[in-house]
Amino acid sequence: MPAMLAVQFTGLPLSQSPAPQPSFRLGLRPSPAARARSLAPRVAASAAAVSAIPVAEAPPVADRTVVRIGLPSKGRMAEQTLSLLKSCQLSVRQLNPRQYTADIPLIPNLEVWFQRPKDIVRKLQSGDLDLGIVGFDIVSEYGKGNEDLVVVHDALEFGHCRLSLAVPKEGIFENINTLEDLLKMPEWTEERPLRVVTGFGYLGDKFLREKGFKHVRFLSADGALESYPPMGMADAIVDLVSSGTTLRENNLKEIEGGVVVQSQATLVASRKSLHKRKGVLEITHELLERLEAHLRATTELMVTANMRGNSAEEVAERVLSQTSLCGLQGPTISPVYCRRDGKVDVEYYAINVVVPQKLLYKSIQQLRSIGGSGVLVTKLTYIFDEETPRWRNLLSELGL
């Protein structure tokens with residue numbers, strides 16, 4: 001291999017004007033000695049100027065004082081992210097829709113940056129962002145297993161999809177219904193590999209290698225991947241699938257065992273920032289608690305009913321005998337006071353119990369079966385635990 005010459009060019013500072021070029025009359029040529037004497041002062045001056053220029057270095061993670069979070073800038077993911085934050089009383093204030101920056105008034109030291117999802121992951125790794133909300137598929141593809149990326153909350157309950165392998169329904173793939181069937185096809189050789197088109201080259205390659213595929217060639221593309229197999233440009237695709245309608249309409253099918261990764265929106269943080277930048281850990285704690293409390297509340301309902309009884313303990317016995325009426329720690333039972341014959345008396349007891357939404361009707365049936373009446377159902381906004389398990393997990397992950 002021929003030797004390579006490395007040359008470093010360093011310009012003069014913009015404030016320093018270059019020395020004027022010497023002018024020579026036509027026909028006059030200075031002698032070599034005179035030319036050397038003329039150049040010497042300028043060479044020395046340039047060397048002094050260059051040596052005075054500091055070498056640019058990446059700033060350490062602790063230099064920036066404001067905490068930054070990256071949010072998706074466009075599309076449905078962006079809308080759902082802002083909606084979730086608003087539901088947690090964390091409305092994002094963007095003074096100019098053309099700007100990439102915004103803030104969250106309730107968290108003064110938090111700066112919002114609207115970015116493309118893949119750029120959020122890249123800037124978390126570079127230290128330009130401290131936190132981000134982005135799909136797990138993007139974290140996995142562009143993070144490439146980087147240990148500095150910490151998934152703080154792995155289930156924000158929107159952006160659900162799966163990265164999946166799909167093949168044509170007909171032709172040589174007509175009877176191919178599992179990943180094992182695809183692996184055993186004799187068509188794939190070193191000369192004629194399985195051609196897979198995807199925008200997720202890292203995850204796709206890792207997945208197929210781990211499944212035992214040896215002869216695979218990946219083609220990179222960003223959109224309309226479903227058109228590649230019908231055009232004969234690829235044998236299979238690895239793409240994000242939500243309902244599967246687009247695959248079916250383009251005569252493609254998912255195969256059993258072909259799901260590369262299940263994905264939804266996640267809250268991600270930089271490990272370095274959590275350790276070194278002031279305020280990141282505290283803001284992460286607040287975000288996590290608000291998100292967790294709201295997301296948990298969306299799956300539960302408060303049910304209130306009145307029930308006759310001789311005592312709160314007797315009513316509690318009846319309520320706890322029903323499997324769907326146990327609540328978070330148990331039902332709350334309190335007396336309902338009324339005036340009878342001029343005296344304050346207790347004949348009914350009010351029952352408050354939190355039940356899962358999916359068990360609402362079953363819970364009401366059980367309440368009625370033990371004498372409950374006047375049943376009220378109320379939506380919940382937040383359920384704050386004594387401490388969220390995800391916070392404990394994060395501290396453990398950080399060694400704190």
Side-chain angles (χ1 to χ4, degrees), residues 64-117 119-121 123-124 128-136 138-139 149-160 263-271 273-274 277-302 357 378-395 397-398:
R64 175 166 46 83
T65 56
V66 68
V67 178
R68 291 176 179 169
I69 184 170
L71 303 182
S73 56
K74 294 180 180 178
R76 185 169 176 78
M77 192 80 166
E79 295 171 3
Q80 291 176 315
T81 299
L82 295 178
S83 176
L84 174 62
L85 291 174
K86 185 177 181 180
S87 298
C88 298
Q89 306 298 313
L90 295 175
S91 295
V92 176
R93 180 176 62 183
Q94 188 179 18
L95 300 179
N96 184 341
R98 293 181 178 274
Q99 289 181 332
Y100 291 108
T101 57
D103 65 359
I104 297 177
L106 284 184
I107 308 181
N109 196 41
L110 183 62
E111 189 175 78
V112 175
W113 283 81
F114 293 104
Q115 301 284 292
R116 296 184 303 174
D119 288 336
I120 292 176
V121 178
K123 291 177 181 180
L124 281 168
D128 296 301
L129 291 174
D130 307 303
L131 298 159
I133 292 180
V134 68
F136 184 69
I138 301 297
V139 176
L149 295 176
V150 180
V151 177
V152 178
H153 198 301
D154 60 345
L156 296 182
E157 298 301 334
F158 68 92
H160 290 88
S263 180
Q264 62 177 296
T266 61
L267 174 64
V268 190
S270 159
R271 187 185 301 269
S273 292
L274 289 168
R277 177 162 291 124
K278 183 179 179 181
V280 176
L281 197 61
E282 292 77 10
I283 286 176
T284 301
H285 188 204
E286 180 174 348
L287 288 174
L288 186 56
E289 288 220 296
R290 286 176 177 268
L291 291 167
E292 192 88 324
H294 173 67
L295 290 172
R296 185 175 181 192
T298 59
T299 65
E300 309 282 341
L301 294 167
M302 174 69 79
Q357 283 197 19
T378 309
K379 286 185 177 181
L380 299 173
T381 307
Y382 303 103
I383 298 177
F384 285 96
D385 281 322
E386 186 175 346
E387 186 179 87
T388 168
R390 283 188 170 90
W391 175 245
R392 292 195 296 270
N393 294 340
L394 177 61
L395 294 181
E397 171 76 18
L398 297 173

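Residue indices begin at 1 and follow the sequence shown. Note that this is a predicted model, so its numbers are computed, not measured.
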Practice prompt. Please test L84 against I133 for side chain to side chain contact (heavy atoms under 4.5 Å, CB included), starting from the C-alpha separation and ending with a verdict.
Written response: CA-CA 11 Å; L84 174 62; I133 292 180; 5.7 Å; no

Item to complete: Would you please test R296 and E292 for salt bridge (charged side-chain N to carboxylate O under 4.0 Å, His left out) and show each step?
Response: CA-CA 6 Å; R296 185 175 181 192; E292 192 88 324; over 6 Å; no

Practice prompt. Report the C-alpha distance between V139 and L124 in whole Å, list the side-chain angles of each, state the deciding distance to 0.1 Å, and finish with yes or no for side chain to side chain contact (heavy atoms under 4.5 Å, CB included).
Written response: CA-CA 10 Å; V139 176; L124 281 168; over 6 Å; no

Discussion item. Could you go through R390 and D154, starting from their C-alpha distance and side-chain angles, then the distance that decides it, and tell me whether this counts as side chain to side chain contact (heavy atoms under 4.5 Å, CB included)?
Written reply: CA-CA 9 Å; R390 283 188 170 90; D154 60 345; 2.8 Å; yes

Item to complete: Just do the side chain to side chain contact (heavy atoms under 4.5 Å, CB included) check on F114 and T81 with the steps written out, would you?
Response: CA-CA 11 Å; F114 293 104; T81 299; over 6 Å; no

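Within the model, atoms CD of E387 and CG of L395 stand 7.0 Å from one another, a figure rounded to the nearest 0.5 Å. L274 CG to I283 CD1: the interatomic distance, rounded to the nearest 0.5 Å, is 11.0 Å. Expressed to the nearest 0.5 Å, how far CD of Q80 lies from CD of Q264 amounts to 11.0 Å. How far OH of Y100 is from CG of L71: 14.5 Å, rounded to the nearest 0.5 Å. With rounding to the nearest 0.5 Å, the separation of CD1 in I104 from CG in L90 is 5.5 Å. Here CD1 of I107 is found 8.5 Å from CG of L85. Values are rounded to the nearest 0.5 Å.
A donor-acceptor distance shorter than 3.5 angstrom exists from the side chain of T266 to the backbone of V134, with no hydrogens or angles considered. A donor-acceptor pair under 3.5 Å is formed between the side chain of R68 and the backbone N or O of D128.
More than 12 heavy-atom neighbours from other residues, nucleotides or ligands sit within 6.0 angstrom of CZ on F384. Within 6.0 Å of the CZ atom in R76, the count of heavy atoms belonging to other residues, nucleotides or ligands does not exceed 12. Heavy atoms of other residues, nucleotides or ligands lying less than 6.0 angstrom from CZ of F136 number 12 at most.
Looking at every heavy atom in both residues, S91 comes nearest to P105 through O-CD, 3.4 Å. Here the closest non-hydrogen pair linking L156 and L267 is CD1-N, 3.9 Å. Nearest heavy atom pair, residue S273 against residue L129, reads OG-O, 4.2 Å. Of all heavy-atom pairs spanning S263 and G135, the tightest one is OG-C, 4.0 Å. When all heavy atoms of S87 and H294 are compared, the closest pair comes out as CB-NE2, 3.3 Å. Between Q89 and Y382, the closest heavy-atom pair is CG-OH, 2.9 Å.
Annotation: side chain of Q357 is not in contact with side chain of T299 (no heavy-atom distance under 4.5 Å). Inter-residue side-chain proximity for I120 and W113 is flagged as unmet; no heavy-atom pair is nearer than 4.5 Å. Considering only heavy atoms from C-beta on, E111 stays 4.5 Å or farther from I69 through its side chain.
Look at R93 and D103 and you find a salt bridge, because one of the NZ, NE, NH1 or NH2 atoms lies within 4.0 Å of a carboxylate O, short of that distance.
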